[in-house]
**Q** 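First the structure, which I've put down as structure tokens, then a few questions once you've had a look.
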Amino acid sequence: MNLRMNDYLQQIIADSLQQFDLEELPEIQTEAPKDSSHGDASTNVAMMLAKPLRNNPRAIAQQIIDGLNFDEKKISSVEIAGPGFINFRFAEDYLYDELQSILDAGSGFGRTDEHSGKKVLVEFVSANPTGPLTVGHGRNAVLGDTVARLLEWTGAEVDREYYFNDAGRQMRVLGQSVQARYLEKLGKAFEFPEGGYEGEYIRDIAEELSKENAELSGNTEDWKPFKEKAEEAIFADISNTLQRMNINMESFFNEHSLYADGSIDTTVEKLREKELVYDKDGAVWFKTTEFGKEQDTVLIKSTGEPTYRLPDIAYHMNKLDRGYDLCLDVFGADHIATYPDVLSGISALGYDKEKVDVVIYQFVTIVKDGQPFKMSTRKANFVTLDELMDEVGSDVTRFFFLMRSPNTHLEFDIAQAKEAGDKNPVFYLQYAHARIASILRKAEEEYSFSKEADLSLLKHDSEEGLIKTILRFPEMVAGAANAREPHRLINFLNDVASAFTGFYHDCRIIGVDEDLALARIELAKATAQVLRNGLTILGISAPENM
RNA sequence: GCGCCCGUAGCUCAACUGGAUAGAGCAAUUGCCUUCUAAGCAAUAGGUUUCAGGUUCGAGUCCUGACGGGCGUACCA
């Protein structure tokens, strides 16, 4: 069903409900039944009214239908079914009009204006630059980017931001690791740091450095130039990986800037003014018990170093200060603990916590050689996203991370992803698109296109079924955007491809009567358009040939 | 102990936020390329939705309690 039809149905049902003396109108839900023999749309209002009206649902449904005033060009039949559903069937004229509107909207079909005028910031990836992005980061990266794309399609103005911290202990160890490899390279005495980074990329960076500048100090206190070089090289690598995955960040936000501009200090002071902060045992504590937590939380350690919560709070205030109406954070289930504290912090300081939302995804289990594979950047035990993309390309990579609900654990079988064959459901979608493109190329040769297509010739079940399916696209995009669940769109596109295949099977295009052929060509074009638009949202290519 | 997520076909997962007969893909069996792309299609088989209660016209979905798994619960990020 499409959104306009949805609105229309709700309107005429609401009008009919006027006949009952209701204190308040129930929420009118309309939906497309799973089983198309039940019609094209159905509502359950009659059942919901059974209790307040003290009548049986089927009787109420009949009264609602009797009072229904509908346009026969849109609705062809209305009937009661089952326990009290009211089922609507769309008129053919309506389908043809809507099909035409898909063709007219073209690459814009599926866009809605629900969030137009809204500024949204999606923060994701946000891996510290200690090494290349691994398959472990993939779900975050792809999910964040695709949610951003979905929101753009509902009208929002979206910025993508990468948050990082280049000042912590991790980064010091990184610098020292590079330094050690550098000294090793020059044949000098070196000591590899405790818990250092063992990856080959560290040697590469050291190698670079030794070519550029062989005068660096071997003094272990002088690790900073090594850290800087490493950060630069690793960020270049990360940016490159992101670009390969079709991800473009508007900004990189360095946690350090929150110290530099004093926001960290200001945040603590403001919380102290509200008496939400106190000193104990040399540390600074945040009274999270005021917000329902069992314990208070340390904001600044007795060493004087803040815990990550403090900059997190300051960072979110910074985002809201930049005028965003919605700040979305994307992170794995292991980071969930920080989120309530951030909300407590910002709302205590007068910010609207409704403007901060989070997309949480469950862990990815990497399966390699049939076994679960534990990755560690430090121990150089990982599969990078680049390696994966070298094998399967970015389309498959993106698709794999998107095809499951963020809410469930994702099993990523490297071998299966590499097996670029039938096991890869992404090809099913791309294949449907390529097949249509091929048909359209052939049709160019066969038909003159001198007259306008008469869409009302599309009367076959497979034709009407396909039209009804692709019409749901805008509704599906909006639903996936609001739920922040890209996999819904994938499921839908599978339905589209499958409906098209049915049509392809039942209805030939080339070789039939020209008028009918022209109408079917339009339907094929509209289908390709929906597939293309959907794949665009997913950041996946829609090939003309396969 | 407490909190969050999860438990659905042999395997990996859906089920449009409470709807009608729980669906796909792999794997299995059987058929289909002299006609628009067989990376495909058609068909068969596969289920007490972990278990036990409850809420209501109606529960895979909500509530309670078991059982099983993952992640948190740090002066680590």
Side-chain angles (χ1 to χ4, degrees), chain A residues 1 29 31-35 37-38 42-44 46-48 50-51 56-58 81-85 87 126 128 165 168-170 255 280-285 293-295 297-309 311-312 332-340 360-363 365 367 403-413 416 420-428 430-432 434-443 446 472 475-476 479-480 482-483 485 487-488 490-492 494-495 497-498 501-502 504-512 517 520 524 545-546:
Chain A
M1 189 170 11
Q29 297 170 17
E31 59 171 21
K34 271 184 240 173
D35 185 342
S37 70
H38 290 132
S42 93
T43 179
N44 60 354
M47 290 180 286
M48 294 180 68
K51 197 169 251 184
N56 88 66
R58 289 187 66 103
F85 290 102
N87 293 340
S126 298
N128 285 339
N165 171 16
R169 191 188 53 86
Q170 282 181 347
E255 180 184 316
K280 192 181 94 184
D281 304 333
V284 178
W285 295 72
K293 269 188 72 162
E294 281 179 22
Q295 299 163 17
T297 309
V298 171
L299 282 183
I300 303 176
K301 301 185 233 172
S302 49
T303 59
E305 214 180 336
T307 64
Y308 61 95
R309 279 162 222 264
D312 272 358
D334 57 333
H335 282 56
I336 181 124
T338 164
Y339 176 62
I360 294 169
Y361 58 90
Q362 299 299 314
F363 262 42
T365 311
V367 176
M403 67 186 188
R404 305 271 112 104
S405 157
N407 230 349
T408 69
H409 293 263
L410 171 68
E411 186 160 305
F412 195 114
D413 189 327
Q416 190 184 331
D422 328 340
K423 286 186 184 167
N424 249 309
V426 65
F427 291 120
Y428 186 69
Q430 295 184 318
Y431 182 70
R435 192 185 239 174
I436 296 172
S438 164
I439 293 170
L440 294 177
R441 280 192 300 270
K442 282 227 160 76
E446 293 286 327
R472 299 184 62 193
E475 180 196 5
M476 299 310 296
N482 290 331
E485 292 185 348
H487 76 284
R488 291 193 192 190
I490 289 187
N491 290 340
F492 169 75
N494 266 311
D495 288 346
S498 154
T501 305
Y504 175 81
H505 184 258
D506 296 336
C507 305
R508 285 195 58 82
I509 292 176
I510 290 160
V512 299
R520 286 179 173 169
N545 280 300
M546 280 180 80

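What you see below is based on every heavy atom in this structure, not just the backbone, and it leaves out hydrogens, waters and symmetry mates. Reminder, nothing fancy here: chain letters follow the sequence lines and each chain counts from 1.
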**Q** Using the C1' atom in both, what is the distance from B:G23 to B:G31, to the nearest Å?
**A**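 Approximately 24 Å lies between the C1' atom of B:G23 and that of B:G31.
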
**Q** Where does B:U17 land, syn or anti, once you apply the within-90°-of-0 test for syn?
**A**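 It is syn.
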
**Q** Which nucleotide in the list B:A77, B:U21, B:A38 gets nearest to the side chain of A:R435?
**A**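 Per side-chain heavy atoms of A:R435, the pick is B:A38.
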
**Q** Over all strands shown, is A:K34 touching base, sugar-phosphate only, or nothing at heavy-atom distances under 4.0 angstrom?
**A**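 Base, at least one base heavy atom under 4.0 Å.
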
**Q** Nearest whole angstrom, please: distance from the P of B:U8 to the CG of A:N407.
**A**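 Taking atom P of B:U8 as the reference, CG of A:N407 is at 15 Å.
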
**Q** OP1 or OP2 of B:A74 less than 4.0 angstrom from a side-chain nitrogen or oxygen of A:K293, does that happen here?
**A**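 A:K293 to B:A74 OP1/OP2: no side-chain N or O under 4.0 Å.
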
**Q** Figure out the CD1/P separation between A:I336 and B:C71, and round it to whole Å.
**A**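 It works out to 15 Å between those atoms.
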
**Q** What is the separation between atom CG on A:N56 and atom P on B:U56, rounded to the nearest whole Å?
**A**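 In whole Å, B:U56 P lies 18 Å from A:N56 CG.
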
**Q** If the cut-off is 4.0 Å, is A:H487 near the phosphate of B:A15, judged by side-chain N/O to OP1 or OP2?
**A**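 The answer is yes; a side-chain N or O of A:H487 sits under 4.0 Å from OP1 or OP2.
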
**Q** In whole angstroms, how far is the C1' atom of B:A22 from the CG atom of A:D35?
**A**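 In whole Å, B:A22 C1' lies 13 Å from A:D35 CG.
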
**Q** May I ask you to evaluate whether A:Q170 reaches the phosphate of B:C76, defined as a side-chain N or O under 4.0 Å from OP1 or OP2?
**A**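 Negative; the distance criterion is not met.
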
**Q** Quick one: A:Y361 OH to B:G72 P, roughly how many Å, whole number?
**A**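 Distance check: A:Y361 OH to B:G72 P gives 13 Å.
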
**Q** Looking at the side chain of A:H38, which of B:A20, B:U37, B:U17 is the nearest nucleotide?
**A**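 The answer is B:A20.
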
**Q** If I take atom CD1 in residue A:I490 and atom P in nucleotide B:G25, what distance separates them, rounded to the nearest angstrom?
**A**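 Taking CD1 of A:I490 and P of B:G25, I get 15 Å after rounding.
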
**Q** Between B:U64 and B:U21, how far apart are the two P atoms, rounded to whole Å?
**A**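 Their P atoms lie roughly 28 Å apart.
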
**Q** From C-beta outward on A:S438, which listed nucleotide comes closest to its side chain: B:U37, B:U17, B:A77?
**A**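 For the A:S438 side chain, the nearest candidate turns out to be B:U37.
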
**Q** What nucleotide, of B:A14, B:A20, B:C16, holds the atom closest to the side chain of A:T408?
**A**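 It is B:A14.
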
**Q** Check every atom of B:C75, B:G19, B:C36 against the side chain of A:D281 and return the nucleotide holding the closest atom.
**A**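 Nearest listed nucleotide: B:C75.
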
**Q** Which value, in whole Å, describes the distance between the C1' atoms of nucleotides B:U44 and B:C6?
**A**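 Between the two C1' atoms, the distance is 33 Å.
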
**Q** For the C1' atoms, the ones on B:G54 and on B:G18, what distance do you get once it is rounded to whole angstrom?
**A**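 Their C1' atoms lie roughly 16 Å apart.
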
**Q** So if I take every side-chain heavy atom of A:K51 and compare against B:U37, B:U56, B:A14, which nucleotide ends up nearest?
**A**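 Nearest to the side-chain atoms of A:K51, counting from C-beta on, is B:U56.
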
**Q** What is the base-pairing partner of B:A9, counting Watson-Crick and G-U wobble geometry with both distances under 3.5 Å?
**A**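 None - no nucleotide pairs with B:A9, as no candidate has both distances under 3.5 Å.
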
**Q** Is the glycosidic angle of B:C5 within 90° of 0, making it syn, or outside that range, making it anti?
**A**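 B:C5: anti.
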
**Q** Tell me yes or no: between the side chains of A:S405 and A:N407, is some donor less than 3.5 Å from an acceptor?
**A**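 No.
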
**Q** Could you tell me how far apart A:R169 (CZ) and B:C76 (P) are, to the nearest whole angstrom?
**A**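 Distance, rounded to whole Å: 10 Å.
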
**Q** Using purine N1 to pyrimidine N3 plus N6-O4 or O6-N4 for Watson-Crick, or N1-O2 and O6-N3 for G-U wobble, both under 3.5 Å, which nucleotide pairs with B:C57?
**A**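 Answer to the pairing question: B:G19, which forms a Watson-Crick or G-U pair with B:C57.
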
**Q** What's the closest nucleotide to the A:Y428 side chain, out of B:G72, B:G40, B:C5?
**A**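 My answer, after comparing the listed nucleotides, is B:G40.
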
**Q** Which of the following nucleotides, B:A38, B:C5, B:A15, is nearest to the side chain of A:Y504?
**A**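 The answer is B:A38.
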
**Q** Of all the choices, B:A14, B:C41, B:C75, which nucleotide is nearest to the side chain of A:H505 once you look at every atom?
**A**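 In terms of side-chain proximity for A:H505, the closest of B:A14, B:C41, B:C75 is B:C41.
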
**Q** How far does the C1' atom of B:C51 sit from the matching atom of B:A14, given to the nearest Å?
**A**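 It works out to 23 Å between them.
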
**Q** Provide the distance between the two P atoms, one in B:A59 and one in B:U73, to the nearest whole Å.
**A**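 Straight-line distance between the two P atoms is 39 Å.
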
**Q** Given atom CG of A:N87 and atom P of B:U21, what is their separation to the nearest angstrom?
**A**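 One finds 13 Å between P of B:U21 and CG of A:N87, rounded.
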
**Q** Within the stacking criterion (centroid distance below 5.5 Å, interplanar angle below 30°), does A:F85 stack on B:A20?
**A**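 Yes, the aromatic ring of A:F85 stacks with the base.
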
**Q** Within 45° of the six-membered ring axis of A:F492 and under 6.0 Å from that ring's centre, is NZ or CZ of A:R472 located there?
**A**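 Not flagged: A:R472 not positioned over aromatic ring of A:F492.
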
